[in-house]
Novice: 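Quick one: structure below, then a few questions.
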Amino acid sequence: MSQPLINLPKTGKSSSQVLEGLKAFKKNDPKWDEGKIFSLVYYLGEEHAKLLSDAYSAYMFENGLNMMAFQSLKKMETEILQMSASLMGGNEKTVGTMTSGGTESILMAVKTYRDRKKARAPEIIAPESIHVAFNKACDYFGVKMRRARLDSDFRVDVDHVRSLINENTIAIVGSAPQYPQGVIDPIEELGKLALEKNVPLHVDACVGGFLLPFLEMNGVKIPLWNFKVPGVTSISADIHKYGFAPKGASIILYKDMSYLKHQFFIYENWSGGVYASATMPGTKSGGSIAGAWAVLNHFGETGYRDLAKRTFAVTQRFIEGINAIPSLKVLGKPNMSVFAYASTDKTVNIFAVGDEMQRRGWYINKQQNPECLHAMITPIHEKSVEPFLKDLRESVEYIRLHPELAMVGQAAMYGMIAKAPIRGMVRTEVQKVMQKLYSLDGSEAAEEQMEHDHTQNASPTFSKKMMFFALNLISKFKRSA
Ligand SMILES: *Cc1c(COP(=O)(O)O)cnc(C)c1O
């Protein structure tokens, strides 16, 4: 089944040909501009899109590797960090860096706290709901993750966090809000604990950082979550989520330079010259910095408050609509626009409902512990509320009449991996999926091990179903997002 490699074309194709090619590749992607996907894309329409692409292109060639050379980029970065710091309760002492995304911001925070504390066996303490980027950071940087229990509303149990603190603790972590159920951890209580035990407290506001401040201004009741809480020493926040910047824009902010200085990498003996770098990448495009600067200045406070108002209002319609469907309920008390919904009825398998929604053209994320479906709402979903709720209501009734659908497709797979004896196999299976996804001829993994029927391969090298399965599984395991 091995396929020969594709070679670089002998003679080049025209610009219009390759651009057509790019368009064609999109054919099977989720239709994000139709409001049918509830994650991954933050899109507000053509005008917004044009601003982002113009701003990005204007600085595409500039290199963020060397901020001394490109003073334009450093100036924009500084302004972005200042605006963000003042939105998030910071002051003149607040410092930070831009990064390529939430994951990089989190990697940097964990590295910073590790190098600051120099513990023999460094540990961070994080809620069970913490974003998986912290697991990744721990894995990369040799830090142990201690997971703290959640209460019945999915907020971290602060007493459990307390019991886990020891001399190896480099930091404790909370989220504002966490990704799986969209609830804000008790940051004030964590702050008190952090001060009492003299440990740093990181707040992961990747998804909330550029929405919560505007909800607060609009009068929505939001528990304290940012630098206004004594004890908070750093915050991660993604501009490429509710800041609506082009992808590749996040920030990591620290209370003061005594933390940030541990993030820097300096090597003075390289034959290429003395080298200093603040974040993970070397070369990076100035485009995402310019895009973020442009969008923040374009919307301004009024623009973001308006977006926040629309986002919050449409989220309430989704939540009320879902709670009104027999056998469904929204989990916990989501604080903003991210939430999860589950089945309250054993005869209605929530994953089968998700599969039925997929068949109806919606792109739905499945979550585990507990089994539920997930949604992240933006103003693009204003047009999808009614059709979504109608399809969801019908899907639930359909699954109630056809409980056997819980035994097929993705529902069966997710149901199976939730069962303890099979769990140990999940890692091995995902490893195979990854090897297949990254082997150039698609032959690396044992395809027949997958319980999916993928006989009608759309592409000669890679089954479309396999791709779908893989991506869903990967996005699934990239989460706890
Ligand atoms: C999205 C998200 C992240 C990770 O951000 P990426 O930009 O996807 O790397 C981290 N934490 C939370 C709560 C998130 O929602």
Side-chain angles (χ1 to χ4, degrees), residues 32 34-45 48 129 152-155 175-187 205-225 238 241-244 299 301-344 350 353-354 357 360 362-365 367 370 372-396 481:
W32 41 264
E34 294 171 10
K36 299 214 153 180
I37 176 167
F38 294 89
S39 63
L40 304 172
V41 176
Y42 294 73
Y43 171 77
L44 293 171
H48 165 245
S129 58
S152 56
D153 278 332
F154 303 95
R155 292 151 41 100
S175 309
Q178 42 94 309
Y179 176 93
Q181 290 86 22
V183 304
I184 300 178
D185 282 314
I187 304 297
C206 276
V207 70
F210 287 88
L211 180 54
L212 295 175
F214 305 108
L215 290 174
E216 283 162 4
M217 290 178 203
N218 289 348
V220 177
K221 247 191 110 196
I222 304 287
L224 286 181
W225 61 276
D238 292 351
K241 286 182 181 158
Y242 285 98
F244 296 97
F299 285 124
E301 188 180 299
T302 341
Y304 281 115
R305 283 185 63 173
D306 183 53
L307 288 168
K309 192 173 172 185
R310 289 170 59 195
T311 301
F312 195 71
V314 70
T315 303
Q316 296 314 305
R317 289 172 63 199
F318 274 101
I319 290 179
E320 280 158 26
I322 291 169
N323 280 332
I325 296 175
S327 308
L328 291 191
K329 71 154 188 224
V330 169
L331 297 176
K333 299 186 188 78
N335 289 98
M336 45 172 244
S337 56
V338 177
F339 62 85
Y341 48 107
S343 169
T344 55
I350 195 67
V353 172
M357 288 296 278
R360 291 164 181 249
W362 302 93
Y363 186 95
I364 306 288
N365 282 315
Q367 301 193 126
C372 56
L373 304 177
H374 186 261
M376 181 281 300
I377 304 296
T378 67
I380 195 84
H381 297 110
E382 281 164 349
K383 58 186 169 193
S384 14
V385 187
E386 297 308 330
F388 175 89
L389 291 172
K390 176 172 178 287
D391 275 347
L392 187 58
R393 183 180 296 273
E394 288 173 10
S395 296
V396 168

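Count residues from 1 along the sequence.
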Novice: Do side-chain atoms of Ser129 reach the backbone of Gln178 as a donor and acceptor pair under 3.5 angstrom?
Specialist: no
Novice: Who pairs with Arg310 by salt bridge (charged side-chain N to carboxylate O under 4.0 Å, His left out), at least two apart in sequence or on another chain?
Specialist: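 Testing Arg310 for salt bridge (charged side-chain N to carboxylate O under 4.0 Å, His left out), a comparison that skips the adjacent residues, returns Glu382.
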Novice: Which pairs of donor and acceptor atoms, one on a side chain in residues 335-343, lie under 3.5 Å apart (sequence neighbours left out)?
Specialist:
| unit_1 | atom_1 | unit_2 | atom_2 | d |
| --- | --- | --- | --- | --- |
| Asn335 | OD1 | Ile184 | N | 2.7 |
| Ser337 | OG | Tyr242 | OH | 2.8 |
| Ser343 | OG | Asp345 | N | 3.1 |
| Ser343 | OG | Asp345 | O | 2.9 |
| Ser343 | OG | Val348 | O | 2.7 |

Novice: What's the spacing between Asp391 CG and Met357 CE if we round to 0.5 Å?
Specialist: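 If we round to the nearest 0.5 Å, Asp391:CG and Met357:CE are 5.5 Å apart.
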Novice: To the closest 0.5 Å, what do you measure between OG1 (Thr378) and OH (Tyr42)?
Specialist: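 Between atom OG1 of Thr378 and atom OH of Tyr42 there are 8.0 Å.
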Novice: Where is the tightest heavy-atom contact between Gln181 and Pro370, given as atom of each residue plus distance?
Specialist: NE2-CD, 4.1 Å
Novice: Would you confirm whether Tyr304, through its side chain, and Gly243, through its main-chain N or O, come within 3.5 Å as a donor-acceptor pair?
Specialist: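 It does hold such a pair.
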Novice: Are Phe312 and Asn218 close enough that some pair of their side-chain heavy atoms sits under 4.5 Å apart?
Specialist: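 No, every pair of side-chain atoms sits at 4.5 Å or beyond.
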Novice: Check Ala176 against Trp225 and note the closest heavy-atom contact, atom names and distance.
Specialist: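 So the two residues come closest at CB-CB, 3.7 Å.
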Novice: Within this structure, what is the OG1-CZ distance for the pair Thr315 and Arg317, rounded to the nearest 0.5 Å?
Specialist: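 The distance works out to 10.5 Å.
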Novice: With distance as the sole test, does Arg305 use its side chain to make a donor-acceptor pair with the main-chain N or O of Met217 at under 3.5 Å?
Specialist: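 Yes.
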Novice: Applying salt bridge (charged side-chain N to carboxylate O under 4.0 Å, His left out), can you list everything that pairs with Lys383, at least two apart in sequence or on another chain?
Specialist: none
Novice: Under the 3.5 angstrom rule, does the side chain of His48 hit a backbone N or O of Phe244 as a donor-acceptor pair?
Specialist: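 Side chain of His48 to backbone of Phe244: a pair is present.
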Novice: Whether Glu394 and Lys390 form a salt bridge (side-chain N of Lys/Arg under 4.0 Å from carboxylate O of Asp/Glu) is what I want to check.
Specialist: yes
Novice: What's the separation between atom CD1 in Ile380 and atom CG in Leu44, rounded to the nearest 0.5 Å?
Specialist: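 It comes to 7.0 Å.
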Novice: Run the side-chain contact (heavy atoms from CB on, under 4.5 Å) test on Asn365 and Tyr363 for me, step by step, so that the C-alpha distance in whole Å, both residues' side-chain angles and the decisive distance to 0.1 Å come before the verdict.
Specialist: CA-CA 7 Å; Asn365 282 315; Tyr363 186 95; 4.1 Å; yes
Novice: For Lys36 and Arg360, which heavy atoms make the closest approach, and how far apart are they?
Specialist: NZ-O, 4.3 Å
Novice: Start with the C-alpha distance between Leu328 and Ile350, add both sets of side-chain angles, then the distance that settles side-chain contact (heavy atoms from CB on, under 4.5 Å), and finish with yes or no.
Specialist: CA-CA 9 Å; Leu328 291 191; Ile350 195 67; 3.6 Å; yes
Novice: To the closest 0.5 Å, what do you measure between CD1 (Ile364) and CZ (Phe38)?
Specialist: 5.5 Å
Novice: Any side-chain heavy atom of Pro177 within less than 4.5 Å of one from Val207?
Specialist: yes
Novice: Enter the distance from Leu215:CG to Ile222:CD1 here, rounded to the nearest 0.5 Å.
Specialist: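 Here the interatomic distance stands at 5.0 Å.
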Novice: Measuring only between side-chain heavy atoms, which start at C-beta, is Ile187 closer than 4.5 Å to Leu224?
Specialist: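 Contact flag for Ile187/Leu224 side chains = no.
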Novice: Over all heavy atoms of both residues, which pair between Ser384 and Phe318 is shortest? Give the atoms and the distance, please.
Specialist: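 Between these two residues, the closest heavy atoms are C-CZ, 4.3 Å.
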Novice: Between Asp153 (side chain only) and Gly332 (backbone N and O only), is there a donor and an acceptor less than 3.5 Å apart?
Specialist: no
Novice: Please name the pair of heavy atoms, one in Ile325 and one in Arg393, separated by the smallest distance, quoted to 0.1 Å.
Specialist: CD1-N, 3.7 Å
